[in-house]
Each structure stands twice: as C-alpha cells, then as structure tokens.
Amino acid sequence: MNYDPQEIEARWQRNWALSGSFEVEIDSTKPKFYCLEMFPYPSGHMHMGHVRNYSIGDAMARFQRLMGKNVLYPMGYDSFGMPAENAAKKDGGHPHEVTHSNISSIRSDQERMGYSYDWRRFLATSDVEYYRWNQEMFLIMNERGLVERRLAPVNWCTDCDTVLANEQVKNNRCWRCGLEVVQRDMAQWFLRMTEYSDELLDELDHISFPENVKAMQRNWIGRSHGAHINFQISGSDSVIGAFTTRPDTIFGVTFVTLSPEHPLCEEICEGTEWEDGWRELRDECAKMSEFERINLLKEKKGVFLGRMAVNPMNGEEVPIYAGNFVVATYGTGAVMGVPGHDQRDFDFAKAYGLEIRRVLIQREGEDPSSPLKDAFEGYGPMVNSSKDGFDGLSGDVAKSSVIEALESSGSGYGKVEYRLKDWLLSRQRFWGTPIPMVHCDSCGIVPVPRDDLPVRLPLDVVFSEEQSGNPLASHPEFTEVACPSCGGNAKRETDTMDTFFDSSWYFMRFCDAGNDSLPYDRKKVDYWMDGGVDLYIGGIEHAVMHLLYARFFTKFTRDSGLNSVGEPFGRLVCQGMLNAPAPYCEKCNSEYHVDNFGADCPTCDSPLSSRSAKMSKSLGNTVSPEEMVSKYGADTVRLFILFGANPEAGMDWSDSALEANNRQIYSIIDAVQQALSVDGGPSEMDEWLMAKLRKNQTSWTRAMSNVSLREGVMISHFEMLTDWAWYIRRGGCDPITARKLLQVWIPMLAPATPHLAEEFWHNFGADGMLAEHILAAAPDAPDSDSVMAREEYIKELINSGRSLKSLAERHSEGEITRAVIQTAPEWKAEMAREAIRLNLEGFDFKSHGQSHVQSLEVFQEESKRGEVMQTWMALTTGSKKKRGRIHSWSDGEKSLISSGLDETAVIKENSEFISSSLGVGSIEVYRVGHGEDVGGKARISFPLEPGIAFL
RNA sequence: GCAGGGGUACCCGAGUGGUCAAAGGGGCUGGGUUUAGGUCCCAGUGCGUAGUGCUUCGCAGGUUCGAAUCCUGCCCCCUGCACCA
C-alpha cells in the first residue's frame with residue numbers, strides 16, 4: 001500500500017462526517033459513555049498540549065464505541081475572556097470577530113487530527129445562544145438566595161483592570177498575567193459557594209479524582225473544627241472574638257493578637273500613646289509587597305495596644321497586641337496566644353517577653369512545671385488549669401469540655417471554620433456574560449425578568465488602546481434602561497461574569513446543546529450525566545478553580561431541580577506535561593531559549609547542556625502540530641503521543657521517537673497487506689496465532705478500559721505485529737486464519753490510529769465503516785494456555801541454545817556444526833507429573849517430601865539417587881533463590897507436562913526451524929538413554945529444559 | 001512546615017511478595033535484506049559461566065524460606081498550600 005496519510009486521513013474524515021458516524025442521541029438499548037476534555041480557550045491554533053489532551057480523549061471515545069457504548073463526545077469553546085478583548089483593543093475590531101476567527105482555525109486543526117466529535121453539539125460560550133442561559137442560571141441562583149452583593153475587600157489586578165476571585169490569586173499574583181494584586185474595598189457580586197462547603201469536602205471521599213487533586217481541594221476548602229471564644233476588653237463593652245482549633249489550651253492564653261487591619265485596633269488604642277505604633281504597623285502591612293512579606297514575616301512583629309482582654313474561663317487579664325502574622329480574612333482576624341502549645345505564639349512570646357505557660361503535658365506523670373524549650377503542639381492531659389474539673393482531660397474530651405463550659409457561660413461556642421470563601425463573580429470587563437441586574441434609584445437593585453433575557457453585549461463598541469475601564473459603562477444604549485419594577489430611569493449593571501461561570505455547566509449544555517427554550521432538558525442530562533461524566537480529561541491547573549466551581553454548580557442545579565446528579569465528573573484524568581529539550585546551565589540551574597543551543601550560558605559563560613523542560617513559548621521549545629501532521633500524518637502523531645507515556649505521566653517530545661513510530665506504522669501496513677495476501681494452507685501455527693489473539697484482545701480491553709493507553713497501544717500496535725511476524729517466520733500462511741486475525745486486530749488499531757485502521761477495514765472488505773463497528777468480546781478457549789506454552793517451549797529452547805552456543809564456541813576447537821539435544825528421561829517427566837499432581841492435592845512437600853522420594857521406585861537404583869534427589873528438590877522446594885518448578889511453571893507449562901508432552905517429537909517436527917535459528921547445520925534429538933550421552937548433558941536435562949551439546 | 005506524588009539498567013518507562021537480570025520503546029553494537037538513501041528482518045546490550053552462579057531497582061536497617069515489591073529511619077526530586085489560629 002502506498003501510504004499517503006494526507007490523502008487517506010482527509011478522505012476518512014470526510015466520510016465519517018458525511019455518514020454522521022459520531023452523532024449520538026439518547027439510546028436506552030446501550031450503556032452510555034460520556035467522554036469529555038476540558039474545552040479550550042480559542043487562542044488561535046492548537047498546540048501540542050491540546051493534541052495530547054484530545055488524542056487521549058478520542059482514543060477513549062473510539063474504544064468505548066468499539067465496546068458497544070453509546071458515546072457522547074462533544075467539543076466547544078470557552079470563548080469569553082480577556083485575550084480577545086485585549087486583541088481587539090490592540091488591533092481594532094471587536095472581540096466577537098477575533099473570537100470567531102480563532103475558533104474556526106482551532107476547529108480546523110482539530111478536524112485535521114480526526115477527532116471523533118459530535119460537531120452538532122458545538123458551542124461557544126461567548127455566543128448569546130449560550131450565555132443567555134448563564135443569565136438564566138444566575139437569576140435562579142438569585143431566587144435561591146445564592147447571589148449576594150456586598151462591599152468587601154477584594155483582589156484587584158491593575159493590569160487586567162478587574163477584580164479576581166480568591167482562587168485566581170496565586171502567591172499574591174494574578175493567575176493570568178502574573179502581576180501582583182492589591183486589595184480594594186468594592187461592592188461586588190458574590191455567589192454563596194460556602195453554603196456547599198461541607199458537601200464539597202465530604203464528597204471528595206467518594207469520587208475518583210487523582211489524590212493530588214483531592215488534596216488540593218481539601219486544602220482549599222480548609223475545614224477546621226474548633227471554638228469561637230469571646231474575650232471581653234477590660235474596661236470596655238467591646239468583645240474580641242477569636243477562633244481556635246485548640247480550646248483545650250485555653251488556660252495557656254497569655255495574650256491576644258489582632259490583625260493590624262482589625263476594626264477593634266483603632267477603638268482600643270485611639271488617642272493613647274500606643275496609637276502611633278499601631279498605625280505604623282498597619283501601614284507597613286498594607287503596603288508590603290509579596291517579596292517583602294515573605295522576608296519580613298520570618299520575624300514576628302507586634303505592638304501592644306495598651307489594653308487588656310479577659311480570659312472568659314478564668315477571668316485572667318492578658319495584654320492585647322496587634323501582630324503582623326494575623327490574617328485579617330481568616331476566622332475572625334483575631335488569635336488567642338498560647339505560647340506553650342503553639343510554635344508561632346512561642347516565637348512571639350519570646351520576642352516580646354511574654355509569659356510561656358504549660359497547660360498540657362506530653363504524657364502521664366510528666367512534671368507539669370517543667371519548662372518548655374519549644375512549644376508542645378501535640379495532645380496530652382491538661383495541667384495547671386486555673387479552674388477545677390479540667391486537669392487530666394485530653395484530646396477531644398478536653399476540647400469539648402472547654403466548649404461546654406464556654407457555652408454555658410455564654411462566652412463562646414463550638415465552631416467550624418473554612419478557608420473557602422464565597423465566589424467573587426463580577427468582573428469589570430466587557431468580554432463576558434452581562435450580569436442581568438438593574439440599579440434603580442427608587443427600587444434599588446432589581447433582577448432583569450427572565451422574559452427579558454438575554455441581556456446582549458452590544459456589538460457596536462469601538463475598542464482602543466487608550467481607553468481604560470469597561471466600555472460597557474460608556475455605552476448609553478446598554479446602560480440606560482427602564483426599571484423592570486417601577487418603570488423609572490435605571491442603569492444596567494455593567495459588570496460581567498467571571499468566565500469560570502461559563503465553564504461550570506457547559507458539560508450539561510453539551511447534553512442538549514441546541515435547546516432554545518431551556519438551558520437543557522432534564523431527561524437528557526439525567527441520561528448522559530448519570531454517574532457524572534465518565535471520563536474527564538484536562539490539565540492539573542484547574543484542580544481547584546474550574547473543578548471546584550463546576551462541582552458547586554452541579555449541586556446548585558441539582559437542588560434547583562434541574563438535574564439529578566450532584567457530582568459532575570465520575571473519573572478525572574489529568575494529563576501530564578509535555579516536555580521538550582531546552583538548553584540548560586547546571587551551574588545556574590536554569591533553562592534558556594533554544595536559540596542558545598551550542599552556545600555558552602548567557603549568565604555564567606559555562607557550557608550549556610540540554611534538559612527536558614515544559615514546552616513553552618518563552619523557551620521556544622515548542623513543536624508545531626501542523627508541521628508534524630503535514631510531515632507524518634495525524635495517525636503517526638497520535639501514536640507517538642499515546643505510546644510515549646501513559647496519560648498522567650509527563651512525556652518528552654523526541655523527533656527520533658516520532659520517526660520510530662512512523663516506521664512502526666509502515667511495518668503494520670506491511671503486515672496487514674501480507675495478512676490480506678497469504679495464500680497457503682492451515683498449519684499448527686494457526687491455533688497459536690488465535691490463542692495469542694485472544695490473549696492480547698483480553699489484556700488490551702482491560703488496559704484500555706482503565707485508560708492505560710500506553711499499555712493498550714503497546715498491545716495493539718506492537719505485540720500484535722510481533723506475533724504476526726513470528727507466525728510468518730514459523731511458516732504460518734493460512735488466509736482464513738489471517739482474516740480471523742484482521743477481523744479483530746484492525747478494530748484494535750482504531751483508537752490510536754483511526755484513519756489507518758479505517759483504510760485497512762475498507763481494504764479488508766468489511767461491511768460498513770469501522771467507526772460504527774462493535775468489537776465482539778474475545779471467546780473463551782480453554783486450550784489456549786498449552787498451545788502458547790508449546791510455542792514458548794520452542795522459543796525458550798532456542799534462547800538458551802543461543803547463549804550456550806556462544807559458550808561452546810569458546811571451548812571448541814573447530815567450527816560448531818551440529819547440536820545434540822537430549823530431552824529429559826521418562827522418570828524425570830513422571831516425577832514432574834507426580835509433583836504437579838501432589839501439589840494440587842495440597843501435599844506438604846516440606847515435611848513429607850523427603851520420605852516420599854525415598855519410597856519411589858527410581859530411588860532404589862543407587863547410582864541415580866543423587867540425581868533423583870536433585871530433580872525432586874528442583875521440582876518441589878527449589879533452592880534459596882529459586883522456587884520449585886511446580887510453583888514457577890505457568891498453567892500452560894504444567895498442562896504440557898501433565899498431558900505427557902513428547903518433547904523429542906516436538907523438536908523433531910521443528911528441527912529445521914530450530915537448527916537455522918541456532919545457526920547449526922543439523923540437530924539430533926533423542927530422549928536421555930536412547931542415544932549416546934554426548935558431552936554428559938543427560939544429567940542436566942530437565943522436563944521442558946533439555947540438555948544441549950554443541951559439536 | 002503541612003499535604004500529595006515520585007527516585008527501576010545509557011535514556012524514557014512497566015512492574016507492588018516467588019514465574020524478575022526485571023516488559024516495552026528509544027539509543028547503541030553486530031548480522032541479514034537492499035547493486036541508492038530510507039524502510040525492513042534477526043540478534044546482542046550488568047558481570048561471570050558448556051547451562052543452574054554473582055551483583056543490581058535512591059541510602060541504611062528490619063520482617064520472610066524468599067524483597068524492586070512489605071515495615072522503620074534517612075537522603076533527594078516534583079506539585080500544591082502556607083505565620084490559616
């Protein structure tokens with residue numbers, strides 16, 4: 001076959017589209033499989049990371065179709081967001097046009113790869129057909145009390161000109177542009193995601209996300225159980241509320257610390273000598289950059305505020321400090337200081353000369369007054385409690401006793417605190433879903449009635465670099481509106497939604513993408529989403545953001561009666577990084593742009609080596625999918641990607657490995673063509689090939705089901721080929737067997753290399769397209785094991801013969817021309833059969849083995865005793881390092897022995913093959929005793945391991 | 001510091017009590033096919049040895065008849081979070 005991937009691939013892509021092979025609807029006769037990749041932001045062309053993501057998804061979608069599943073596999077675009085808006089600002093035009101031209105180019109790249117999407121379900125979140133349902137969802141949330149507008153300190157990114165959600169701030173920097181964020185007080189729209197904190201956390205135990213993703217989400221939600229404790233300010237009506245997870249250390253409190261931003265600070269020290277100190281600390285903290293904070297915070301810094309607080313448990317007065325280490329936004333922004341049992345407080349107390357009190361001991365009997373070198377942060381019995389009834393209590397009992405006491409005195413209560421915050425939804429940008437709210441002078445904030453939806457983004461907006469702020473705000477046709485409630489003059493909300501809102505439910509919209517009267521039909525979503533998306537593939541970077549928002553959203557829609565399922569994703573696979581070589585300086589431990597290959601380090605002038613690094617524009621080590629596809633075809637690129645590493649593992653790009661995979665494709669083509677043209681007759685090898693086929697199909701199905709694609713591809717594209725080559729080498733040439741093989745092998749090639757497989761299927765003359773074919777499960781065949789073992793026997797014989805021959809060559813004068821093979825004598829074979837039989841009966845070889853051998857007839861022959869014993873031990877107990885053969889033989893080998901395999905006959909039948917494989921002119925074979933004991937090899941002969949002498 | 005994942009031969013990478021000197025691929029070496037590259041096929045790739053032996057799966061111990069695999073301690077790498085009370 002003249003392999004022209006460009007022609008073949010285009011042709012089959014056309015045919016699949018024409019016949020609608022991948023278009024699916026609800027079908028109650030088949031199990032469903034929903035395969036989904038995190039949809040892309042359309043930034044132009046597809047890059048290799050996308051190729052990896054979608055090649056994994058497509059392989060799984062195609063595999064599941066072969067398994068008879070009804071597979072939903074859609075594609076769409078997360079097309080709202082800043083890059084398009086920025087591009088419009090820079091180059092003119094409207095983000096809408098920029099976006100749509102990008103979508104068409106990435107889509108054509110995807111089509112060129114042959115991904116089997118149901119393109120009818122295409123969606124782009126920036127199209128009003130999609131985002132109007134965002135607005136509807138928002139209004140439903142509002143009706144359910146999940147929307148809140150409130151004034152709050154928010155994260156502001158100056159570069160992006162907008163606020164950011166907590167999740168979008170990494171190390172105090174904007175996740176998108178990397179600029180440091182600043183705090184601002186603004187009135188913003190929030191979604192009350194914290195309503196679902198517990199469910200979001202607890203359900204993690206029941207979903208199959210990778211452990212690291214679960215850990216990140218658990219961390220993020222950060223639930224801690226503890227107590228809220230009120231410390232009365234001495235001589236004031238005000239109270240400092242502090243959250244602690246360690247109420248059992250309440251008697252160790254020797255100070256209370258407020259965050260410098262805490263509103264009570266000012267009240268406490270205003271007009272006193274302490275005020276200046278506090279103001280200084282507060283200002284310092286407020287303007288601290290991230291870098292400074294990391295350095296400064298190593299040193300705990302605090303100022304006394306001049307007043308005392310009362311410990312509600314014992315009435316003791318302790319000083320109140322403001323401290324730079326107290327986070328304003330966590331808990332209450334106030335901490336009780338227990339230096340004896342908290343290292344941070346310990347350091348603080350040391351620095352400011354505060355009392356360190358021991359109120360827990362590590363173990364019973366320890367001296368309660370022994371001083372502490374460091375804080376003891378573990379649990380232990382309470383001591384030195386300045387109130388009766390607590391000493392001796394420890395752990396949870398101690399905690400709940402303290403909480404009980406606090407509750408009965410009204411000075412505190414048990415409390416669960418979360419790190420998770422409500423979702424800050426509003427963005428001060430144009431290219432997003434308009435928030436459907438109206439500000440009316442007389443009615444206040446009024447939601448847009450659902451019948452008035454959608455609130456459309458105007459298309460007649462001119463973007464320019466000079467402008468700052470949201471262009472919507474200066475677009476009167478958009479902002480001027482009649483109040484839906486009173487009809488008076490009102491202004492539209494100009495904030496738009498965070499784009500994570502769009503991606504929080506698109507997977508449900510895909511189930512019913514064309515619906516123009518509802519976000520989606522409940523029946524359809526309940527069918528496709530049952531048990532969640534069956535396989536969701538994407539990058540780890542969304543472990544917290546997207547995956548948490550989507551989980552929240554699904555629970556909200558469930559509680560609103562829109563769908564049944566509460567967890568959106570059944571199985572999540574995060575694909576690993578795609579790396580490529582980059583110049584690397586070991587001395588500076590840094591990577592440089594590929595332009596530096598062969599040069600010296602730009603920093604230290606030492607020679608650069610090479611190291612694998614994440615493909616990135618900045619290093620220039622990217623590989624263009626278009627280029628690779630035009631050079632080798634999509635199938636080669638897909639094969640390389642899937643075979644290079646399992647989905648979760650990182651993988652290195654390698655041009656030579658890509659070429660090797662291309663060669664592999666040629667080999668497969670040759671093999672398939674050969675299989676289509678063999679014209680011999682049946683042989684013993686047919687049964688073997690069929691046995692291997694069954695075995696391969698079974699392990700392939702298992703591997704693929706488990707998304708172990710590398711293993712799957714290895715079987716379909718490598719082992720199957722090796723088997724075919726062996727079949728031919730061993731003289732197999734039966735056209736009927738070959739067709740039986742192809743009937744199964746060709747479909748197995750489809751997940752990774754679908755075009756090639758489809759072409760084979762066509763040449764094979766099968767009915768219909770492979771894309772719509774269902775592969776029957778491999779039939780059971782009980783004799784497979786021994787058929788394979790028999791062939792394995794010959795392989796092993798050749799293998800050990802080869803290594804022996806090289807030894808023999810060193811010991812023999814002349815050239816080696818022949819081999820004499822002595823198979824094990826009947827008594828050894830008989831002994832092996834008996835050992836296998838006894839083992840099945842549960843015979844205790846350790847205690848009765850010795851006496852059993854001695855009772856055997858062969859043992860009576862004195863000259864043989866040593867060999868008999870040796871054979872018996874090798875068969876049963878083995879040596880220190882090697883187990884007895886009855887344990888190490890495979891089922892197939894055991895059945896060969898038990899059925900009395902005639903080794904001599906097998907070798908004779910295959911003598912020509914064996915002698916040519918061993919590179920000897922001839923071989924002679926007989927059972928030990930039936931000929932001369934050449935080279936004294938009789939003793940070495942063992943069942944399945946004949947003695948071989950080279951002459 | 002906390003959490004999660006890792007460390008296997010020249011490289012990538014499977015393997016989670018015995019069938020393991022350890023799959024598969026890449027690279028490298030040798031042979032064959034090819035009267036041209038290329039492709040393709042076969043073999044070798046820890047050391048030893050006319051065969052059952054020795055050493056090796058981050059380091060050091062331990063459990064076991066037997067450990068890459070289980071346990072303990074340590075070192076190193078990656079990822080995320082981080083004065084979170």
Side-chain angles (χ1 to χ4, degrees), chain A residues 170-171 210-220 222 224 226 242-246 249 257 259 293-294 297-300 323-327 329-338 342-345 347-348 417-419 540-541 543-544 577 579 612 643-646 648-652 654 656-657 659-664 666-667 670-671 708 710-711 713-715 718-719 722 725 728-729 799-812 846 870 874 877-885 887-891 893 917 919 935-937 940-942 945 947-950:
Chain A
K170 306 268 159 190
N171 290 327
E211 278 312 310
N212 56 341
V213 174
K214 287 190 189 183
M216 281 188 248
Q217 293 214 351
R218 284 193 189 105
N219 255 333
W220 190 259
S224 27
F243 176 71
T244 179
T245 54
R246 296 298 301 272
T249 63
T257 318
S259 83
R293 191 182 294 181
I294 288 167
L297 282 183
K298 281 187 182 144
E299 204 185 320
K300 280 145 200 56
N324 64 350
F325 58 87
V326 182
V327 179
T329 50
Y330 183 76
T332 59
V335 191
M336 65 182 208
V338 185
D342 181 288
Q343 192 57 40
R344 184 202 54 212
D345 293 342
D347 296 343
F348 189 80
E417 197 66 53
Y418 300 88
R419 191 176 169 279
I540 186 75
E541 66 272 18
V544 172
M577 297 268 186
N579 305 309
S612 178
F643 185 60
N646 262 327
E648 269 116 339
M651 78 176 281
D652 292 344
S654 150
S656 62
E659 275 173 45
N661 281 285
N662 190 235
R663 290 200 295 270
Q664 191 71 18
Y666 278 99
S667 309
D670 288 347
S708 299
R710 184 190 154 82
E711 203 185 317
V713 167
M714 198 195 300
I715 294 166
F718 291 80
E719 280 173 25
T722 307
I728 293 293
R729 227 177 122 200
N799 259 343
S800 53
R802 269 198 186 112
S803 52
L804 284 169
K805 192 187 166 204
S806 67
L807 296 180
E809 274 163 346
R810 273 175 252 170
H811 291 256
S812 104
K846 251 187 185 164
Q870 219 174 5
T877 53
S879 63
K880 247 209 155 107
K881 267 222 116 150
K882 205 161 183 172
R883 275 187 110 197
R885 299 290 203 284
H887 303 293
S888 63
W889 273 326
S890 69
D891 289 347
E893 285 169 318
S917 296
K937 301 298 173 194
I940 289 162
S941 74
F942 200 83
E945 298 162 48
I948 309 169
F950 286 94

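Each chain gets a letter, A, B and so on, in the order the sequences are listed, and its residues count up from 1. Values below: all heavy atoms of this structure, side chains included; hydrogens, waters and symmetry mates excluded.
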Undergrad: Choose from B/rA23, B/rA85, B/rG4 the nucleotide whose nearest atom is closest to any side-chain atom of A/Met714.
TA: B/rA23
Undergrad: Hey, which of these two, A/His887 or A/Ile940, hits RNA chain B nearer its 5' end, going by closest nucleotide?
TA: A/His887
Undergrad: Across the strands shown, which category fits A/Ala543 at heavy-atom distances under 4.0 angstrom: base, sugar-phosphate, nothing?
TA: nothing
Undergrad: Counting side-chain heavy atoms from C-beta on, which of B/rG51, B/rA14, B/rA23 comes nearest to A/Asn646?
TA: B/rA14
Undergrad: Okay, side chain of A/Ser708, backbone of A/Glu711: is any donor-acceptor separation there less than 3.5 Å?
TA: no
Undergrad: Taking the cut-offs as 6.0 angstrom to the six-membered ring centre and 45 degrees off its axis, would you call A/Arg419 and A/Tyr330 a cation-pi pair?
TA: no
Undergrad: Answer yes or no: is there a donor N or O on one side and an acceptor on the other, between the side chain of A/Glu719 and the main chain of A/Met714, under 3.5 Å?
TA: no
Undergrad: Taking only N and O in the side chain of A/Arg419, is any of them less than 4.0 Å away from OP1 or OP2 of B/rA82?
TA: yes
Undergrad: If you measure from CE on A/Met336 to OG1 on A/Thr244, what distance do you get to the nearest 0.5 Å?
TA: 3.5 Å
Undergrad: 5'-most contact on RNA chain B: A/Ser941 or A/Phe243, nearest heavy atom basis?
TA: A/Ser941
Undergrad: For B/rG4, what is the paired nucleotide under Watson-Crick or G-U wobble rules, both distances under 3.5 Å?
TA: B/rC78
Undergrad: In the strands shown, is B/rA85 matched to any nucleotide by a Watson-Crick or G-U wobble pair with both distances under 3.5 Å, and which?
TA: none
Undergrad: Any N or O donor-acceptor pair linking the side chain of A/Arg710 to the base of B/rG24 at under 3.5 Å?
TA: yes
Undergrad: Name the nucleic acid region contacted by A/Lys937, choosing base, sugar-phosphate or nothing; use a 4.0 angstrom heavy-atom cut-off, strictly under.
TA: base
Undergrad: For B/rA68 and B/rU16, measure between their C1' atoms and round to the nearest Å.
TA: 9 Å
Undergrad: Looking at A/Ser224, does any N or O in its side chain come under 4.0 Å of the phosphate oxygens OP1/OP2 on B/rA85?
TA: yes
Undergrad: Using a heavy-atom cut-off of under 4.0 Å over every strand shown, decide if A/Gly947 touches base, sugar-phosphate, or nothing.
TA: base
Undergrad: Is there a side-chain contact between A/Glu648 and A/Asn646 in this structure, where contact means two heavy atoms from C-beta onward sitting under 4.5 Å apart?
TA: no
Undergrad: What is the base-pairing partner of B/rG44, counting Watson-Crick and G-U wobble geometry with both distances under 3.5 Å?
TA: B/rC28
Undergrad: For A/Glu945, what residues pass the side-chain contact (heavy atoms from CB on, under 4.5 Å) criterion, not counting sequence neighbours?
TA: A/Arg885, A/Phe942
Undergrad: Given B/rC84, B/rG51, B/rA50, identify the nucleotide with an atom nearest to the side chain of A/Leu804.
TA: B/rG51
Undergrad: Describe the nucleic acid contact of A/Ile948 in one word from base, sugar-phosphate, nothing, applying a heavy-atom distance below 4.0 Å.
TA: base
Undergrad: What is the nucleic acid contact for A/Val326, judged by heavy atoms within less than 4.0 Å: base, sugar-phosphate only, or nothing?
TA: base
Undergrad: For B/rG37, does the O4'-C1'-N9-C4 or O4'-C1'-N1-C2 angle fall within 90° of 0, making it syn, or is it anti?
TA: syn
Undergrad: Would you mind telling me which of B/rC84, B/rG4, B/rG24 lies closest to the side-chain atoms of A/Phe643?
TA: B/rG24
Undergrad: Can you see which heavy atom on A/Val326 is nearest to which on A/Ser259, and at what distance?
TA: O-CB, 3.2 Å
Undergrad: When we call it a touch if two heavy atoms are under 4.0 Å apart, what does A/Phe950 touch: a base, just sugar-phosphate, or nothing?
TA: base
Undergrad: Restricting to nitrogen or oxygen on both sides, can you table the protein-nucleotides 36-45 of chain B pairs closer than 3.5 Å?
TA:
unit_1	atom_1	unit_2	atom_2	d
B/rU39	OP1	A/Arg663	NH1	3.4
B/rC40	OP1	A/Arg663	O	3.4
B/rC40	OP2	A/Arg663	NE	3.4

Undergrad: Measure across A/Ala949 and A/Lys937 and return the closest heavy-atom pair with its distance rounded to 0.1 Å.
TA: CB-CG, 3.9 Å
Undergrad: Pick base, sugar-phosphate or nothing for A/Met216, based on heavy-atom distances below 4.0 Å to the nucleic acid.
TA: sugar-phosphate
Undergrad: Given that both distances must come in under 3.5 Å, which nucleotide forms a Watson-Crick or G-U wobble pair with B/rG73?
TA: B/rC59
